[in-house]
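Worksheet: one structure, shown below.
Predicted model, so just to flag it, every value in this text is computed and none were measured.
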Amino acid sequence: MSTISASGTDVPPAEVPDYPMTRAAGCPFDPPPALHTLQEQAPISRVRLWDGSTPWLVTRYEDVRTLLADPRISSESTHPHYPHQSPATKERRRQSRTFITMDDPEHARLRRMVTATFAIKQVEALRPTIQKIVDGLIDAMLAGPRPVDLVQAFALPVPSLVICALLGVPYADHDFFQANSRILVKRTSTPEQAQAATQQLIDYLDRLIGDKLAHPTDDLLSALAERVRGGELSRREAANMGMLLLIAGHETTANMIALGTLALLQHLDQLARLRESDDPKLIASTVEELLRYLTIVHTGRRRVALADIDTDGVTIRAGEGVILANDVGNRDPAAFPDPDRLDVARNPRHHVAFGFGVHQCLGQPLARVELQVVYGTLYRRIPTLRLAVDPDRIPFKHDGNVYGVYELPVTW
């Protein structure tokens with residue numbers, strides 16, 4: 001029988017576990033138990049993906065962080081052994097390449113064009129605008145019927161309105177781009193569905209960039225259009241970048257708002273500490289702790305080794321796929337004492353929910369400000385906010401590349 005090297009020993013292919021793994025029933029906030037077992041017993045080991053490939057899975061925090069910063073680890077998604085999340089994800093990346101799945105110098109060249117927009121000082125200047133958006137949506141909720149789905153009424157509109165204003169995308173088109181975005185982040189979508197959704201979004205962004213070339217305004221798409229005019233960027237590259245920022249700018253934060261709210265409603269002592277304090281430091285630490293505790297990008301950071309890498313007694317060979325499991329890494333007791341306990345005062349700023357190294361999430365300053373405004377406002381303005389259904393009736397996004405809830409019925 002042929003064997004696959006796993007954790008320094010050879011094992012029959014049938015014994016290589018499938019990935020992603022299943023969460024335990026009744027524990028929607030915790031990584032799958034099998035991931036904890038691997039972290040304890042075989043922290044660098046083989047897993048099997050949807051296409052039968054068997055990349056390495058790295059589960060300990062220190063290894064995840066070290067390898068994310070290792071220049072011998074590539075983000076290049078065109079590599080034949082790149083461990084794609086699903087057939088749909090593979091098709092989307094074939095059609096639309098962006099800097100997050102490129103290596104330097106192309107990664108750095110494209111990323112530099114939008115870095116200033118997401119710098120801390122620039123994002124802090126948006127805080128009053130974000131506060132106004134949050135207050136307006138809460139006003140609308142309070143004036144409307146109860147119960148209400150928090151996802152549709154609040155969690156999805158907040159980051160969508162913000163990223164639309166930043167990019168110069170009409171919010172009136174939100175049904176269109178949110179529907180196509182959902183297809184692209186769902187692992188069960190077919191390649192044909194992903195191809196159609198990608199093309200629709202590319203065509204849409206290309207039209208907007210054409211409009212900005214003719215009639216520039218004060219937004220990021222206009223700035224990209226100006227680079228197209230100057231020959232620094234192709235129109236297709238600009239459309240690809242616009243699509244990346246539009247999807248990433250609302251999908252991740254929307255899921256953090258809804259899932260974070262559910263986690264707090266299931267940990268009322270922690271919610272009370274947050275609600276009863278106006279200390280900005282506690283609000284900021286709550287955001288960091290929820291990012292660590294929930295780690296909504298829950299299918300790992302995907303990479304390929306460019307050289308043989310010896311780590312923890314295992315040799316990852318050049319050309320082999322690598323998955324860096326930041327979700328269970330953020331629950332590593334060697335990095336975070338009592339890691340499965342939600343503690344809003346913990347302030348774990350060194351978590352890897354946004355990744356680490358040169359590919360660390362570009363939009364993290366914006367996400368942080370949005371979540372600080374939301375968590376610092378929603379529960380104080382609606383102090384009796386509570387679930388309107390039993391927790392076991394809430395549908396979770398087990399099938400998504402980004403974890404969250406499809407609906408969150410609440411009342412007050």
Problem set entry | Residues which pass salt bridge (charged side-chain N to carboxylate O under 4.0 Å, His left out) with Asp135, listed by chain and number, not counting sequence neighbours | Arg381

Seminar exercise, completed: Test side chain to side chain donor-acceptor pair (under 3.5 Å), reference Ser160, set Gln178, His250, Glu251, output is Gln178

Seminar exercise, completed: side-chain contact (heavy atoms from CB on, under 4.5 Å) filter on Glu226, not counting sequence neighbours, yields Arg229

Problem set entry | Six-ring centre of Trp56, Arg46 cation under 6.0 angstrom, axis tolerance 45° | yes

Exercise. What pairs with Pro33 under side-chain contact (heavy atoms from CB on, under 4.5 Å), at least two apart in sequence or on another chain?
Worked result: Ala24

Problem set entry | SB check Glu289 Arg292 (cutoff 4.0 Å) | yes

Exercise. Which residue pairs pass the ring-ring contact (aromatic ring centres under 6.0 Å, His included) test with at least one member in residues 95-125, sequence neighbours excluded?
Worked result: His107-His359

Problem set entry | Charged tip of Arg346 within 45° of Phe336 ring normal and under 6.0 Å | no

Exercise. Is a side-chain donor or acceptor of Gln270 paired with a backbone partner of Leu264 at a separation under 3.5 angstrom?
Worked result: no

Exercise. Between Arg109 and Glu237, is there a side-chain N and carboxylate O pair less than 4.0 Å apart?
Worked result: yes

Exercise. Cation-pi between Arg275 and Tyr379: NZ/CZ under 6.0 Å from ring centre and within 45° of the ring axis?
Worked result: no

For this session: Identify the residue among Leu137, Val148, Ile382 that makes a side chain to side chain contact (heavy atoms under 4.5 Å, CB included) with Leu142.
Result: Ile382

Exercise. For Arg111, does its backbone N or O pair with a side-chain atom of Thr115 as donor and acceptor, under 3.5 Å?
Worked result: yes

For this session: Please report the closest heavy-atom contact between Ser234 and Val228, naming both atoms and the distance.
Result: O-CG2, 3.9 Å

Seminar exercise, completed: Nearest heavy-atom approach of Leu246 to Leu205 is CD2-CD2, 4.2 Å

Problem set entry | Inter- and intrachain pairs under salt bridge (charged side-chain N to carboxylate O under 4.0 Å, His left out), touching residues 348-361, at least two apart | Glu288-Arg349

Exercise. If only atom types and distance count, is the side chain of Ser96 paired as donor or acceptor with the main-chain N or O of Arg92 below 3.5 Å?
Worked result: no

Problem set entry | Ion pair check, Asp103 and Arg303, cut-off under 4.0 Å | no

For this session: Could you tell me whether a side-chain N or O of Asp390 sits under 3.5 Å from a main-chain N or O of Arg393, the two making a donor and an acceptor?
Result: no

Exercise. If you measure from OG1 on Thr311 to CZ on Arg60, what distance do you get to the nearest 0.5 Å?
Worked result: 10.0 Å

Exercise. Under the 3.5 angstrom rule, does the side chain of Asn326 hit a backbone N or O of Val352 as a donor-acceptor pair?
Worked result: yes

Exercise. If you measure from CG on Leu110 to CD1 on Ile100, what distance do you get to the nearest 0.5 Å?
Worked result: 12.0 Å

For this session: Verify side chain to side chain contact (heavy atoms under 4.5 Å, CB included) between Ile257 and Val158, making sure each step is shown before the conclusion.
Result: CA-CA 9 Å; Ile257 292 171; Val158 169; 4.1 Å; yes

Would you be so kind as to tabulate the donor-acceptor pairs closer than 3.5 Å made by side chains of residues 166-177, with sequence neighbours excluded?
residue: Asp173; atom: OD2; partner: Tyr204; partner atom: OH; Å: 2.7
residue: His174; atom: ND1; partner: Tyr171; partner atom: O; Å: 2.8

Exercise. Has Arg23 got its NZ or CZ under 6.0 Å from the middle of the six-membered ring of Tyr403, at an angle within 45 degrees of the ring axis?
Worked result: yes

For this session: Inspect the surroundings of NZ in Lys397 and state if more than 12 heavy atoms from other residues, nucleotides or ligands are less than 6.0 Å away.
Result: yes

Exercise. Do Arg380 and Tyr375 meet the cation-pi criteria used here (NZ or CZ under 6.0 Å from the six-membered ring centre, within 45° of the axis)?
Worked result: no

